[in-house]
Amino acid sequence: MKSIVILISGRGSNMQAIVNACAAEHWPARVAAVISNRPQAAGLAFAAAHGIATAVVDHEAFATREGFDDALANAIDAHAPDLVVLAGFMRILGPRFVTRYEGRMLNIHPSLVPAFPGLRTHERALEAGCKVHGATVHFVTTSLDHGPIVAQAVVPVLPGDTAETLAARVLEREHVLYPRAVHWFIVGELHTAAGIVTHTRGSPQQLL
Ligand code: GAR
């Protein structure tokens, strides 16, 4: 049985999708803990209601990024995870932290990476006149919102879209994409060589 720790900062809808898929699909894994850097994160209540350990490591309580990163690593390591999942976790993590979990930490970013790292991805896709947009699950590296790409979901940009309508269309796909990618990791079906991730059975890594 593999152990997963999920980091959130807010709503936690991707975390919920992963918790639900793990139970419904009988993954050989359990979500051991959900940890937030914000005490008010709405997702904490969902996790607690599902019998999952929760913890808060409030970044505002730390004078330095390294101090926060170390406290977060301690909270994570208490659950000895095989995989750390960033699900709407909105803090930049330092190189020592990232290196500690290299190859076993995934992130989801609401753009077709390497496009639009950082914030306001949906607004920026509209401003750029993109005709397609989407979300990416990738291994975390020291490059913000970038790293070996595990899977991507593509959605059309439609006439009349606002950042809100586009975000909603992307989020719906995130909830399918992220559980699928996490499951692949858990069952050992991902292979990374020279920064390129392949699926060992050749499953399509794009959701269209
Ligand atoms: C999601 O859209 C996720 O892709 C994004 O934050 C949202 C969190 O929603 N993540 C990032 O922007 C990371 N750079 P959720 O809390 O409901 O899962």
Side-chain angles (χ1 to χ4, degrees), residues 4-22 31 33-50 52 54-59 65 68-69 72 83-94 97-98 101 105-128 130 132-155 157 161-183 205-207:
I4 303 170
V5 168
I6 305 181
L7 306 188
I8 64 170
S9 294
R11 178 177 58 187
S13 69
N14 278 290
M15 173 272 293
Q16 295 182 29
I18 291 164
V19 167
N20 289 337
C22 183
V31 177
V34 171
I35 302 174
S36 172
N37 65 307
R38 290 184 199 277
Q40 310 306 336
L44 290 171
F46 172 91
H50 284 73
I52 297 168
T54 62
V56 173
V57 182
D58 186 349
H59 62 275
R65 188 180 300 285
F68 168 72
D69 283 2
L72 184 60
L83 177 66
V84 177
V85 172
L86 308 186
F89 184 73
M90 304 305 275
R91 295 297 295 173
I92 293 174
L93 297 161
F97 183 96
V98 171
Y101 300 105
M105 181 158 62
L106 294 173
N107 181 43
I108 190 160
H109 184 65
S111 78
L112 294 173
V113 167
F116 310 129
L119 301 173
R120 298 178 56 253
T121 58
H122 310 298
E123 288 93 328
R124 287 155 69 203
L126 289 172
E127 284 160 15
C130 292
V132 294
H133 182 48
T136 301
V137 176
H138 63 91
F139 282 103
V140 177
T141 65
T142 49
S143 309
L144 176 67
D145 295 325
H146 196 18
I149 294 169
V150 174
Q152 292 184 304
V154 180
V155 304
V157 178
D161 260 340
T162 63
E164 288 71 33
T165 60
L166 188 53
R169 191 175 306 123
V170 171
L171 189 66
E172 195 184 309
R173 307 313 282 157
E174 290 185 45
H175 295 162
V176 180
L177 186 75
Y178 212 0
R180 179 181 297 185
V182 169
H183 180 251
Q205 289 170 269
Q206 60 284 108
L207 199 66

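Counting convention: from 1, in listed order, for ligands and their atoms alike. Computation of the quantities below employed the complete heavy-atom set of this structure, encompassing side-chain atoms and omitting hydrogens, waters and symmetry-equivalent molecules.
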Examine ligand 1 and decide if any of its atoms is less than 4.0 Å from a heavy atom belonging to [X].
X	result
Ile8	no
Gly12	yes
Met90	yes

For the pair [X] (side chain) and [Y] (backbone), establish whether a donor and an acceptor sit closer than 3.5 Å, ignoring hydrogens and angles.
X	Y	result
Thr162	Thr165	yes
Asp69	Phe97	no
Arg65	Ile92	yes
Gln206	Gln152	no
Ser36	Ala41	no
Thr136	Val113	yes

Distance filter under 4.0 Å to Pro110 heavy atoms, resulting ligand 1 atoms: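 Contacts of ligand 1 toward Pro110, numbered from 1: 4 (O), 5 (C), 10 (N), 11 (C), 12 (O).
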Atoms in ligand 1 with a heavy atom of Arg11 nearer than 4.0 Å: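 Selected atoms, number and element: 9 (O), 15 (P), 16 (O), 17 (O).
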Side chains of His146 and Pro117 in contact at under 4.5 Å (non-hydrogen atoms):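 Sidechains of Pro117 and His146: no contact.
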Who's the nearest protein heavy-atom neighbour of [atom], and how far?
atom	value
atom 15 (P) of ligand 1	Ser13 N, 3.4 Å
atom 10 (N) of ligand 1	Ile108 O, 3.6 Å
atom 8 (C) of ligand 1	Gly88 CA, 3.6 Å

Contact check: Asn107 vs ligand 1, nitrogen or oxygen atoms, below 3.5 angstrom: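 No; the residue has no nitrogen or oxygen that sits under 3.5 Å from a nitrogen or oxygen of the ligand.
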Best match, His122, Met15, Glu174: closest heavy atom to atom 1 (C) of ligand 1: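 It is Glu174 that holds the nearest heavy atom.
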Structural part of Asp145 in contact with ligand 1, heavy atom criterion under 4.0 angstrom: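 Side chain only.
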Steps toward side-chain hydrogen bond (donor to acceptor under 3.5 Å, both in side chains) verdict (Thr121, His109): CA-CA 9 Å; Thr121 58; His109 184 65; 5.3 Å; no
